[in-house]
2 protein chains.
Amino acid sequence: MEFETAKAKFIQAWGTLGSSWGINRTMSQIHALLIINTDPLTTEEIMAELKVSRGNVNMNIRALMEWGLVNKELVPGERKEYFSAGKDIWQVARQIAKERKRREVEPILDVISQVKNAEGDGKEVEEFNRMMQEIEDFTSKADTTLDKFIKSDENWFYKTLLTLMK
Amino acid sequence: MEFETAKAKFIQAWGTLGSSWGINRTMSQIHALLIINTDPLTTEEIMAELKVSRGNVNMNIRALMEWGLVNKELVPGERKEYFSAGKDIWQVARQIAKERKRREVEPILDVISQVKNAEGDGKEVEEFNRMMQEIEDFTSKADTTLDKFIKSDENWFYKTLLTLMK
DNA sequence: TTAAACTTTCAATTATTTCTGAAAGTTTTT
DNA sequence: AAAAACTTTCAGAAATAATTGAAAGTTTAA
């Protein structure tokens, strides 16, 4: 497959994947574009490449920087801002895990700890509390595992796999 | 906290969580409702509890059944259909992992295998191919780990944690 | 076979999210 | 201090997704 076609296809696919995980398409596409570009790009270049507006690029670049996935690069002698994305895919995954944990896993743990001792009679209430406890246990464990992953070096995953396979 | 309040709060939070993971709110809420109900519910009951329309319940119940998260229950002597959700939270997580893997991880692996040997000259193309290879390696590993999880018994997770902690 | 009970479908509406583009804001240069 | 180069904001427009509700479809009972 020819390079330009391949590039477009990858950006497109990455955008779709992001969508189905609750990340806006343009945001994923900008990220994909910056990942596959060796050199940093300007807002103008991103606009041209993805055919989207200045406002859209600005907004999503900022979101990507908040997620810690994209950095502003200062090119000496240039006034424009350049943007680049981290190229280490493990680090990218860890960063995403970290942000999603903070934004989504932790809030749900909060809610569950609030509701898990509901007051009332009957097996309905009992069952509810039992279920909440189970969900809390599960989520805490997922949370701990995410932490391990977030703090891990690149080899953690391999080690884990090896352990599981033996 | 009083039971009814706790229940409402949990359903609400679960719906929000679902949203941010690309799952429609009503679908998550129905799932939450069925999880915390000991007895199966009818379409009418779900409509009343969540204040949503018949069409909406029907559509999302069917989606939940496709995901393998909800079952139709036949109550002897009753014409209406009753629905219930699996109560084992580990099994629920495995089922969700399975479906998302099939729907989202596998398609992206397909695309990457298509684009990873882009033709062209220059370091741009070389870098692109290197990056695609990295992403493919990563994704394959994630895929394998998901498989382990999907096929695991409830103790896998505990075992893994223990291994990591020692 | 007709009616009643129940489920499914889907066109139209409503809600939500995303995007645009022009104006306002900021910083640097002349 | 004015202009030029660039970035940010945000109200409205457009696109997308979710929801309704009534009609059509199906199954069971009378």
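Throughout, protein chains are lettered first and strands after them, A, B, ... in sequence-line order, and every chain is numbered starting at 1. Reckoned from all heavy atoms, side chains included, excluding hydrogens, waters and symmetry mates.
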Quick check: does any side chain N or O of A/Glu2 sit under 3.5 Å from a backbone N or O of A/Glu4, one acting as donor and the other as acceptor? yes
Looking at C/dT8, I'd like to know if its phosphate oxygens (OP1 or OP2) sit under 4.0 Å from a side-chain N or O belonging to B/Asn58. yes
Decide yes or no on side chain to side chain contact (heavy atoms under 4.5 Å, CB included) for B/Leu34 and B/Ile61, but give the supporting numbers first. CA-CA 10 Å; B/Leu34 293 178; B/Ile61 276 283; 4.1 Å; yes
On a plain distance test, is the side chain of A/Arg62 in donor-acceptor contact with the base of D/dT8 below 3.5 Å? no
Looking at C/dC19, D/dT8, C/dT27, which one has an atom nearest to any side-chain atom of A/Glu81? D/dT8
Would you kindly check whether a donor in the side chain of A/Arg54 faces an acceptor in the base of D/dT7, or vice versa, at under 3.5 angstrom? no
Which is true for A/Asn24 with a 4.0 Å heavy-atom rule: it touches a base, it touches only sugar-phosphate, or it touches nothing? sugar-phosphate
Within this structure, what is the NZ-to-C1' distance between A/Lys80 and D/dT7, rounded to whole angstrom? 13 Å
Classify the side-chain pair A/Asp137/A/Gln133 by whether it contains a donor and acceptor separated by less than 3.5 Å. yes
Which residue lies toward the 5' end of DNA chain D, A/Glu44 or A/Arg25, if each is placed at its nearest nucleotide? A/Glu44
Gap between atoms CD and C1', on B/Glu78 and C/dT7 respectively (whole Å): 15 Å
Describe the nucleic acid contact of B/Met59 in one word from base, sugar-phosphate, nothing, applying a heavy-atom distance below 4.0 Å. base
Can you tell me the distance, in whole Å, between the CD1 atom of B/Ile46 and the P atom of C/dT8? 12 Å
Whole Å only: how far is the CG atom of A/Asn56 from the P atom of C/dT17? 16 Å
Mind calculating the distance between NZ (B/Lys51) and C1' (D/dT20) to the nearest angstrom? 16 Å
Nearest to the side chain of B/Asn60, heavy atoms from C-beta on, is which of D/dT7, C/dC19, D/dT19? D/dT19
The side chain of A/Arg79 is closest to which nucleotide in this list: D/dT20, C/dA4, C/dT27? C/dT27
Please check the phosphate of C/dC19 (OP1 and OP2 only) for any side-chain N or O of A/Thr26 closer than 4.0 Å. yes
Indicate whether the side chain of A/Thr38 and that of B/Glu127 have a donor and an acceptor atom separated by less than 3.5 Å. no
Rounded distance (Å) that lies between atom P of D/dA17 and atom CE of B/Met27: 15 Å
Between P on D/dA17 and CD1 on B/Ile23, what's the gap in Å once rounded to a whole number? 15 Å
May I have the distance from B/Ile61 (atom CD1) to C/dT8 (atom C1'), rounded to whole angstrom? 14 Å
Taking NZ in A/Lys87 as the centre, count heavy atoms belonging to other residues, nucleotides or ligands within less than 6.0 Å. Is the count above 12? yes
